[in-house]
Amino acid sequence: MPPTRNINDVPKDTTMMTRAQIIRWLEMSAEMFKEKKAYLTELDSAVGDADHGINMARGFTKVEEKLPTFSDTDIGNILKSTGMTLISSVGGASGPLYGTFFMRAAGAVTSKEELSAEDVVNLFEKGLEGLVQRGRAEVGEKTMIDAMVPAVDAMKAAQANGADIPAVVQAGVQAAEKGVESTIPLVAKKGRASYLGERSAGHQDPGATSTFYLLSTLAEAIKSE
Ligand code: ADP
Ligand code: MG
């Protein structure tokens with residue numbers, strides 16, 4: 001008798017990101033933001049209006065609820081629908097910002113059923129472009145941009161060096177984590193935290209933190225699916 005093989009023993013193709021992995025990312029993000037809701041809200045209570053965790057949990061819970069209506073479409077459409085759902089369900093600054101990120105990211109992968117490492121990098125690059133156009137923030141202004149810019153740079157560099165998708169995403173996670181730490185001493189120049197002026201220094205930015213969580217959840221999702 002040939003040895004029985006568990007389905008989990010089949011090596012994953014690490015050169016492709018599948019639709020199932022994207023769907024898993026969104027589902028896992030909904031669970032993750034429910035778990036991190038109190039923590040992100042606590043971070044926002046120091047520099048903002050104590051709702052970032054609530055906003056992210058609400059937005060991604062809505063995405064999770066609506067997923068069955070668009071999960072059998074292509075990746076571009078899945079990301080576009082995610083963006084539209086975030087924009088329509090989150091009142092805070094983060095809803096339109098992340099919503100724009102996903103809608104613009106969608107434009108980089110229109111009609112695709114699976115993504116190469118290059119596609120994944122393009123997706124994040126275009127999403128970041130949308131974020132910057134919408135929020136007009138630069139690195140060093142204590143926003144989600146402080147996590148997203150180094151993450152996208154690191155992903156681009158990893159992909160250019162021939163890294164497979166898990167390694168590309170992992171490079172992004174590590175850079176985002178450093179980016180989050182970099183926000184602590186910064187004085188906020190954008191968003192509600194900027195109303196605090198110098199008093200915003202010494203606190204970790206909530207939005208940079210949620211960007212790091214989104215990336216680390218993507219890393220988890222591609223491992224599990
Ligand atoms: P609100 O500030 O409306 O209460 P949230 O609390 O959900 O919205 O989100 C706050 C986060 O949004 C901040 O921690 C910051 O990272 C991010 N943010 C705010 N303004 C901008 C901007 N102009 N560009 C990029 N990110 C921003
Ligand atoms: Mg807030």
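As the structure is a prediction and not an experimental result, all values here were calculated from the model. For reference, positions follow the sequence shown, starting with 1. The analysis underlying the following values was restricted to heavy atoms, covering all of them including side chains, and did not include hydrogens, waters or symmetry mates.
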Look only at the side chain of [X] and the backbone of [Y], and say whether a donor-acceptor pair between them is shorter than 3.5 Å.
{"X": "D13", "Y": "T15", "result": "yes"}
{"X": "R136", "Y": "K190", "result": "no"}
{"X": "T41", "Y": "A38", "result": "no"}

Identified side-chain contact (heavy atoms from CB on, under 4.5 Å) counterpart of L128 within the set I145, L123, T211: I145
Candidates I23, L26, N77 - the one meeting side-chain contact (heavy atoms from CB on, under 4.5 Å) with S71: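 Of I23, L26, N77, side-chain contact (heavy atoms from CB on, under 4.5 Å) with S71 is met by I23 alone.
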To the nearest 0.5 Å, what is the distance between [atom1] ([X]) and [atom2] ([Y])?
{"X": "M144", "Y": "L214", "atom1": "CE", "atom2": "CG", "value": "9.0 Å"}
{"X": "T209", "Y": "E181", "atom1": "OG1", "atom2": "CD", "value": "10.0 Å"}
{"X": "Y195", "Y": "R192", "atom1": "OH", "atom2": "CZ", "value": "6.0 Å"}
{"X": "Q170", "Y": "L215", "atom1": "CD", "atom2": "CG", "value": "9.5 Å"}
{"X": "H52", "Y": "D44", "atom1": "NE2", "atom2": "CG", "value": "7.0 Å"}
{"X": "M28", "Y": "E35", "atom1": "CE", "atom2": "CD", "value": "9.5 Å"}

Quick one: do [X] and [Y] end up in the same hydrophobic cluster if we chain Ile, Leu, Val, Met, Phe, Trp and Tyr together by side-chain heavy atoms under 4.5 Å apart?
{"X": "Y39", "Y": "I54", "result": "no"}
{"X": "V139", "Y": "V152", "result": "yes"}
{"X": "V90", "Y": "F70", "result": "no"}

Between R104 and Q133, does the side chain to side chain contact (heavy atoms under 4.5 Å, CB included) criterion hold? Intermediate values first, please. CA-CA 11 Å; R104 290 290 293 275; Q133 273 176 16; 2.9 Å; yes
Can you check whether [X] reaches [Y] side chain to side chain, under 4.5 Å on heavy atoms?
{"X": "L67", "Y": "E27", "answer": "yes"}
{"X": "Q159", "Y": "I165", "answer": "no"}
{"X": "K223", "Y": "P166", "answer": "no"}
{"X": "L131", "Y": "M148", "answer": "yes"}
{"X": "D146", "Y": "L186", "answer": "yes"}
{"X": "K112", "Y": "D119", "answer": "yes"}
{"X": "R24", "Y": "S224", "answer": "yes"}
{"X": "N122", "Y": "K156", "answer": "no"}

Could you give me the CA-CA distance, side-chain angles and deciding distance for H203 and I184, then say whether side chain to side chain contact (heavy atoms under 4.5 Å, CB included) is met? CA-CA 5 Å; H203 301 284; I184 298 173; over 6 Å; no
Search all heavy atoms of [X] against all heavy atoms of [Y] and return the closest pair with its distance.
{"X": "Q21", "Y": "I222", "answer": "NE2-O, 3.3 Å"}
{"X": "V187", "Y": "A201", "answer": "CG2-CB, 4.1 Å"}
{"X": "A108", "Y": "K126", "answer": "CB-CG, 3.6 Å"}
{"X": "A158", "Y": "A171", "answer": "CB-CB, 3.9 Å"}
{"X": "A175", "Y": "P150", "answer": "CB-O, 3.4 Å"}
{"X": "S89", "Y": "G59", "answer": "OG-CA, 3.6 Å"}

If only side-chain N and O atoms count, and only distance matters, is there a donor-acceptor pair under 3.5 Å linking Y98 with S210? yes
For residues T14 and D164, is any side-chain donor paired with an opposing acceptor at under 3.5 Å? yes
Residues passing the side chain to side chain contact (heavy atoms under 4.5 Å, CB included) test with S216, sequence neighbours excluded, are V173, F212, Y213
Go through I22 and M17 one step at a time and tell me if the side chain to side chain contact (heavy atoms under 4.5 Å, CB included) criterion holds. CA-CA 8 Å; I22 295 282; M17 188 180 286; 3.6 Å; yes
Could you walk me through whether I75 and E113 pass the side chain to side chain contact (heavy atoms under 4.5 Å, CB included) test, one step at a time? CA-CA 6 Å; I75 293 173; E113 298 284 341; 5.8 Å; no
Tell me whether the count of non-hydrogen atoms from other residues, nucleotides or ligands lying under 6.0 Å of CD in E118 goes above 12. no
Please go through I87's hydrophobic cluster and name the other residues, only I, L, V, M, F, W, Y counting, with side-chain heavy atoms under 4.5 Å joining them. M84, M103
Checking salt bridge (charged side-chain N to carboxylate O under 4.0 Å, His left out) for the pair D205/K142: CA distance, chi angles, key distance, verdict? CA-CA 6 Å; D205 181 62; K142 202 180 183 91; over 6 Å; no
So, for W25 and F60, is the gap between ring centers shorter than 6.0 Å? no
Can a salt bridge be assigned to the pair K34 and E64 using a cut-off of 4.0 Å between side-chain N and carboxylate O? yes
Of all residues at least two apart in sequence or in a different chain, which pass the ring-ring contact (aromatic ring centres under 6.0 Å, His included) check with F101? F124
